[in-house]
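Structure record follows, encoded as structure tokens.
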Amino acid sequence: MQESVVTRFAPSPTGLLHIGGARTALFNYLFSRHYQGKFLLRIENTDLKRSTKEATNAIYEGLNWLGLTWDDEPVSQVSRKGRHLEVAELLISNDMAYKCFCTPEELKIMREKSISAGGFGGYNGKCRNVDASKHPPNLSPSIRLKTNNEGKTSIKDLIQGNVEVSNKEIDDMVLVRSDGTPTYMLAVAVDDHDMKITHVIRGDDHLTNTFRHIQIYQALGWKVPYFAHIPLIHGSDGKKLSKRHGALGIHNYKEDGILPQALNNYLLRLGWSHKNHEIINLKEAINWFELKNVGKSPSRFDMDKLNHLNAHYISSSKNDKLLELITPILNDFLGFNIPIEVKKKVLLAMDNLKVRAKTLNELAEDASIYAYNVPIRIEEKALTVLDQSTINMLNLTRNLLDRITDWTSEELEAAITSVVNENKVGFKEVAQPIRIAITGSLKSPSIHEVLANLGRDTSLERIDDFLRRYKTS
RNA sequence: GGCCCCAUCGUCUAGUCAGGUCUAGGACUCCAGAUUUUCAUUCUGGCAACAGGGGUUCGAAUCCCCUUGGGGUCACCA
């Protein structure tokens, strides 16, 4: 690989950036960065009916969120229509393409006939050798490639290895539609050539198209780029990934509180590996990424593993960064903007919070205990573990806490321990009532940590309020 | 259906190209134990795979063939 590497990601903006596309983009990005090459973006919007501006923006946003920065301006495929038609004309004048006047009805019958005869349903070349003088005058034709139908076409795929097919299996494909617009087959070949793409890395579903692209390259006398077809991602049931498998779009994962680092790491390990490494940051990925380490077989999407990686990236993130990320979630969750005092408390508590959250949403939910005002909502099942004696114990503890002047985690722990010792009860008997009173829940980080982070006033206020509500009986 | 591709624990994979070091390694999940005031974290241990059948070879997860299973693709979509 003497020439400098140029890769591209070429999504069609007919939907959102999905998980498979994101991985294709990631692999293209890593490969080009590994070789200090370029990573280009091309929007394949030749299907005007289905392409939308919103989808294009969603692709940009998705890539930006993942941190997959591309070089140069994105290329809009429709804007290159003139060039595509110019190439089609060139092919006609070189006798490598021809005008086809067959109607859709004719083509349909042709296809059915071919299939019933055991064929693959390709075009039979009816218009291939019709002289221009015999062309009907008032019909607009499509343009088809005069495919080489002798011998074989082979791909030296960097992932799949050598793949070849008999040229009999490749029919004269349409390059320009009868409405004068270029097809994807033509556009992709011309654009990859003009953009000087050296390595075409794309989903395995394009493998059979590649034979067609190569025929176009050969008809034009162009150098064929390297190809690398990465296996597809399936749903957890092994079937093609679709809406019923849950989240498909990248934005869904963002909304579910997944960190982009976790998604990148997960996607990277789906189909690619480097020794026994599991936790791999972007810099390491760039260093290590080679196409030869990409597997050949499709893989299944596993949410458990993504969550595990996400938990890892959350607990190793900086506290202030996490606060910044969960603030909007928290505001949304609570229905009001959390004040600065609450943010300070959450930041103090973050070390204890972040080790137990699998997603940012869980983190926000766990952090929400610092934001409530009395009365705290008490979970029903929390109340079931309380009885009069534990409530009395809480009352005792409250009076002791009230006398603490140095409201620190250490002092608080000492105070709770002294209640435990003096009353000869288990730690649990004392700790759980406090936990319920100040968090409304049976689970939280260490109780003295929560008390310390919550602050003296808020802690006592919550306990008093709780006692007021549940003491009498 | 034609053509093409793929096949190691439930899942992601190492090992396959250059056959022996593989009674097959790691990770996720699950189970058990330790730590522990709850929930987690962390730590220790455990369950679990070379799809099947033929070859080649002194020797095969690794090479060849067949079968089976899975996937992709067959548009004037991309």
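Every chain is numbered from 1, with letters handed out A, B, ... down the list of sequences.
The nucleotide whose nearest atom lies closest to any side-chain atom of A:E278 is, among B:rA78, B:rC5, B:rG26, B:rG26. Checking B:rC5, B:rA78, B:rC28 against the side-chain heavy atoms of A:Q77 singles out B:rA78 as nearest. In this structure, the nucleotide among B:rU38, B:rC5, B:rG26 sitting nearest to the side chain of A:K428 is B:rU38. Closest contact between the side chain of A:V163 and the listed nucleotides B:rC28, B:rC5, B:rC6 involves B:rC5. Proximity note for A:N276 (side chain, C-beta onward) versus B:rC76, B:rU13, B:rG26: the nearest is B:rG26. Nearest nucleotide to the side chain of A:Q160, out of B:rC76, B:rU38, B:rC6: B:rC6. The side chain of A:V355 lies closest to B:rU41 when the candidates are B:rU11, B:rU73, B:rU41. Among the nucleotides B:rC6, B:rC28, B:rA14, the one closest to any side-chain atom of A:D302 is B:rC28. Distance from the side chain of A:H308 is smallest for B:rU29 among the nucleotides B:rA78, B:rU38, B:rU29. Set against B:rC12, B:rC28, B:rG72, the side chain of A:T208 has B:rG72 as its closest nucleotide.
Residue A:M185 is classed as a base contact, given a heavy-atom separation below 4.0 Å to a base. Residue A:H206 is classed as a base contact, given a heavy-atom separation below 4.0 Å to a base. A:L232 comes within 4.0 angstrom of sugar-phosphate atoms only, judged by non-hydrogen atoms across all strands, and of no base. Base contact: A:R50 has a heavy atom under 4.0 Å from a base atom. Using a 4.0 Å heavy-atom distance criterion, A:G122 is classed as making no nucleic acid contact. If you check every strand for non-hydrogen atoms under 4.0 Å, A:I447 touches a base. Looking at heavy-atom distances under 4.0 Å, A:C100 makes no contact with the nucleic acid at all. Residue A:S178 is classed as a base contact, given a heavy-atom separation below 4.0 Å to a base. Residue A:E164 is classed as a sugar-phosphate contact, given heavy-atom separations below 4.0 Å to backbone atoms only. In this structure, A:N209 reaches the bases: a heavy-atom distance under 4.0 Å links it to at least one base atom across the strands shown.
For a distance-only test at 3.5 Å, the side chain of A:H448 qualifies as a donor-acceptor partner of the base of B:rU37. Side-chain atoms of A:R435 come within donor-acceptor range of the base of B:rU37, with a qualifying N/O pair under 3.5 Å. Residue A:D204 places no side-chain atom within donor-acceptor reach of the base of B:rG72, judged by atom type and a 3.5 Å distance cut-off alone. Residue side chain A:S446 reaches the base of B:rU37 through a donor-acceptor N/O pair under 3.5 Å, judged by distance alone. The base of B:rA27 is paired with the side chain of A:K305 by a donor and an acceptor separated by under 3.5 Å. Between the side chain of A:S444 and the base of B:rC39, no donor-acceptor pair of N or O atoms lies under 3.5 Å.
Cation-pi check for A:R269 over A:Y266 is not met; the charged atom does not lie both under 6.0 angstrom from the ring centroid and within 45 degrees of its normal. Relative to the ring axis of A:Y123, A:R144 places its NZ or CZ within 45° and under 6.0 Å from the centre.
Atom C1' of B:rA24 sits at a distance of 13 Å from the matching atom of B:rU13, rounded to the whole Å. Annotation: B:rG20 and B:rC31 have their C1' atoms spaced 36 Å apart (nearest Å). Spacing of P atoms, B:rC6 relative to B:rU42, comes out at 38 Å, to the nearest Å. Taking atom C1' on both B:rU8 and B:rC3, the two are 28 Å apart, rounded to the nearest angstrom. Atom name C1', nucleotides B:rU21 and B:rA78: the rounded distance is 50 Å, in whole Å. Straight-line distance between the P atoms of B:rU35 and B:rA49: roughly 32 Å, to the nearest whole Å. B:rC50 and B:rA7: their C1' atoms are spaced 10 Å apart (whole Å). Going from the P atom of B:rC47 to that of B:rU57 covers 38 Å, rounded to whole Å.
Summarising the geometry, the separation between CD1 on A:I279 and P on B:rC28 is reported as 8 Å, rounded to the nearest angstrom. In this entry the distance linking CG of A:L186 with C1' of B:rA75 reads 16 Å, nearest Å. As rounded to whole Å, 14 Å separates atom P of B:rA75 from atom CG of A:N124. Atom CZ in A:F227 sits about 21 Å away from atom P in B:rG72, given to the nearest Å. In this structure, CZ of A:R300 is placed 10 Å from P of B:rU8, rounded to the nearest angstrom. In this structure, A:N149 places its CG atom 18 Å from P of B:rC3, rounding to the nearest Å. One interatomic measurement links the two molecules: CH2 of A:W272 to C1' of B:rA14, which rounds to 12 Å at whole-angstrom precision. Across the protein-nucleic acid pair, A:R212 atom CZ and B:rU73 atom C1' stand 9 Å apart, rounded to whole Å.
Nearer to the 5' terminus of RNA chain B, by closest-nucleotide assignment, is the contact made by A:P445 (compared with the other of A:P445 and A:N45). A residue-by-residue look at A:K358 and A:S297 shows that A:S297 has its nearest nucleotide of RNA chain B further toward the 5' end.
Shown here, B:rA61 forms no base pair; nothing in the strands shown gives a Watson-Crick or G-U wobble contact with both key distances under 3.5 Å. Pair assignment for B:rA75: none, as no Watson-Crick or G-U wobble contacts are both less than 3.5 Å. Figure legend. B:rA51 is base-paired to B:rU67; pairs are counted as Watson-Crick or G-U wobble with both atom distances under 3.5 Å.
Taking the six-membered ring for Trp, A:H193 and A:Y217 have ring centres at least 6.0 Å apart. For A:H234 and A:F301, the ring centers sit 6.0 Å or farther from each other. The six-membered or imidazole ring of A:Y226 lies near that of A:H199, with a centre-to-centre distance under 6.0 Å. Two rings, from A:H277 and A:W288, have their centers less than 6.0 Å apart.
Looking only at side-chain heavy atoms (C-beta outward), A:S178 and A:I143 stay at 4.5 Å or farther from each other.
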For residues 413-421 of chain A, which side-chain N or O atoms pair as donor and acceptor with protein atoms under 3.5 Å away, sequence neighbours left out?
residue : atom : partner : partner atom : Å
A:T417  : OG1  : A:E413  : O            : 2.7
A:S418  : OG   : A:A415  : O            : 2.7
A:N421  : ND2  : A:T417  : O            : 3.4

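Taking side-chain N and O atoms only, A:R111 has a distance below 4.0 Å to OP1 or OP2 of B:rC76. OP1 and OP2 of B:rA78 both lie 4.0 Å or more from every side-chain N or O belonging to A:T14.
A tilted orientation is assigned to the rings of A:H206 and A:Y184, their planes being inclined by 30° to 60°.
Of the N and O atoms on the side chains of A:Y98 and A:D172, at least one donor lies less than 3.5 Å from an acceptor on the other residue.
Taking the 5.5 Å centre cut-off and the 30° plane limit, the aromatic side chain of A:F120 is not classed as stacked on B:rC74.
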